[in-house]
Amino acid sequence: MEIIDKINKLKKEKNAVVLVHNYQLPEIHDIADFVGDSLGLSIEAANTTADVIVFCGVHFMAETAKILSPQKKVLLPDKNAGCPMADMIDAESLKALKAKHPRAVSLCYVNTSAAVKAECDYCCTSANALKMVQHILAGHEEIIFVPDRYLASFVSAQVQRNFILWNGHCPIHAAILPEHIAGAKKQHPHAKVLIHPECKPDITALADIVTSTEGMCRYVKDSTEKEFIIGTELGIIARMQKENPGKLFYPASGKAICPDMKRTTLAKVLRSLTDMTYEITVPQNIVNKARLAIERMTQVT
Ligand code: 13P
Ligand code: SF4
């Protein structure tokens with residue numbers, strides 16, 4: 001309790017807001033001013049009147065908050081909380097890909113560095129990737145979609161168009177296998193299957209619904225069903241259980257745990273607010289360019 005009181009006191013003193021991703025530990029959800037998916041958190045970061053944003057998530061998310069609120073102090077409680085997928089592409093590689101396909105419009109998943117976003121025409125999240133692609137296809141033929149090849153293939157199947165892909169993926173979601181879903185379905189035959197679009201196509205094919213983390217939270221809340229198999233990072237289940245005490249949630253795979261998302265602890269949040277660490281900085285020229293890609297996304301969705 002003492003640590004939570006200290007955090008709340010510092011939040012007030014420093015006019016700080018704590019933004020928390022759905023995959024964070026339950027005790028971090030409990031101190032949040034806002035919990036959500038990448039899209040919701042970006043919107044919240046853009047709109048907050050706080051002076052300080054403590055971002056309980058991973059590095060690319062805190063960078064996105066900084067790009068949208070460059071005048072604010074954005075803090076990441078653990079400086080090593082990264083995203084292996086975001087690290088699978090850098091700005092130089094994207095430049096080279098664009099040079100090979102000069103007529104293509106480039107669309108990057110939000111799980112990318114600020115430098116990669118700065119090289120892209122549009123940004124998207126798992127919640128709005130389909131909408132962004134439809135918007136781009138209304139005026140253009142070719143799309144470079146980086147870095148998540150599985151999210152890209154999921155959207156590609158919906159619009160029946162091929163994209164120029166990058167060989168990136170989320171190792172956590174890619175580890176969910178068809179036999180995991182088959183096993184869970186056998187044990188819980190009445191459960192609805194919810195899958196994140198970062199999963200491989202043979203997994204999304206087995207889903208009743210494919211959606212972002214926030215889409216999943218909304219779906220289980222609104223549904224009259226009682227049981228759900230959850231095909232994404234396991235942290236989200238604690239939130240679902242808390243918000244829906246009468247319903248049952250089963251992990252598609254007990255191994256779907258993102259170690260980077262679990263780096264944030266209450267002690268690190270307290271340290272973050274006490275010492276103002278670790279401050280996220282993005283060079284102004286990158287902010288200006290990356291912001292365009294993100295704003296084009298928020299204008300469409
Ligand atoms: P969401 O935008 O659905 O929250 O996903 C973020 C993420 O990193 C998924 O692995
Ligand atoms: Fe990155 Fe996957 Fe972790 Fe999401 S779950 S932060 S995509 S490694």
Side-chain angles (χ1 to χ4, degrees), residues 19-25 28-29 32 34-46 55-65 68 76-89 107-113 116-117 123-132 145-152 154-155 166-176 194-200 203-204 207 209-220 230-240 251-264 294 297-298 301:
L19 304 187
V20 174
H21 188 266
N22 284 320
Y23 295 159
Q24 294 280 297
L25 294 165
I28 305 299
H29 283 217
F34 181 86
V35 182
D37 64 357
S38 307
L39 180 63
L41 292 167
S42 303
I43 294 169
E44 204 60 26
F55 211 112
C56 300
V58 293
H59 192 267
F60 77 80
M61 296 178 175
E63 265 192 344
T64 307
L68 289 168
L76 186 65
D78 185 312
K79 66 174 186 297
N80 295 316
C83 168
M85 184 205 304
D87 293 340
M88 288 178 191
I89 187 162
L107 171 64
C108 67
Y109 190 25
V110 69
N111 296 39
T112 44
S113 67
V116 167
K117 288 186 181 77
C123 182
C124 72
T125 73
S126 58
N128 59 24
L130 176 61
K131 228 183 205 174
M132 292 309 300
F145 193 138
V146 297
D148 187 356
R149 60 176 301 169
Y150 299 132
L151 173 64
F154 175 69
V155 178
W166 189 255
N167 201 11
H169 68 278
C170 164
I172 313 305
H173 286 85
I176 301 175
L194 279 64
I195 300 291
H196 196 277
E198 287 177 15
C199 290
K200 289 180 174 173
I203 300 299
T204 49
I209 175 157
V210 179
T211 185
S212 75
T213 58
E214 200 56 31
M216 289 185 183
C217 290
R218 258 195 315 270
Y219 180 89
V220 301
I230 305 300
T232 191
E233 209 276 347
L234 294 191
I236 198 169
I237 291 183
R239 175 178 166 193
M240 290 172 166
S253 159
K255 289 191 182 136
I257 298 171
C258 175
D260 285 277
M261 282 285 180
K262 308 303 179 208
R263 284 180 173 274
T264 320
I294 300 170
M297 167 180 83
T298 46
T301 54

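On a predicted model such as this, the values are computed, not experimentally measured, just so you know. Starting from 1, each residue takes its place in the sequence as its number. Basis for what follows: all heavy atoms, side chains included, without hydrogens, waters or symmetry-related copies. Just so you know, ligand 1 is whichever comes first in the structure, and atom 1 is the first atom listed for that ligand.
Qualifying side chain to side chain contact (heavy atoms under 4.5 Å, CB included) partners for His59, counting only residues two or more places apart in sequence or in other chains: Glu63, Leu76, Ile280. For Phe55, there are no ring-ring contact (aromatic ring centres under 6.0 Å, His included) partners two or more places apart in sequence or in a different chain.
Using a 3.5 Å distance cut-off with no hydrogens or angles, the side chains of His173 and Thr232 do pair a donor with an acceptor.
A distance-only check finds no donor-acceptor pair linking the side chain of His21 to the backbone of Val58 [under 3.5 Å]. Using a distance-only test at 3.5 Å, with no hydrogens or angles considered, no donor-acceptor pair links the side chain of Lys117 to the main chain of Thr64. With Asn128 contributing its side chain and Lys131 its backbone, the two residues share no donor-acceptor pair below 3.5 Å. Counting only distance, with no hydrogens or angles, the side chain of His196 and the backbone of Gly231 share no donor-acceptor pair below 3.5 Å.
Residues lining ligand 1 at a heavy-atom distance below 4.0 Å are given as His21, Tyr23, Asp37, Ser38, Asn111, Ser126, His173, His196, Glu198, Ser212, Thr213, ordered by chain and residue number.
Of all the heavy atoms in Ile294 and Leu68, the pair that sits closest is CG2-CD2, 3.8 Å.
Salt bridge Lys255/Glu233: absent, no basic N to carboxylate O contact under 4.0 Å.
Near atom 2 (Fe) of ligand 2, less than 2.8 Å away, sit the protein N, O or S atoms Cys170 SG.
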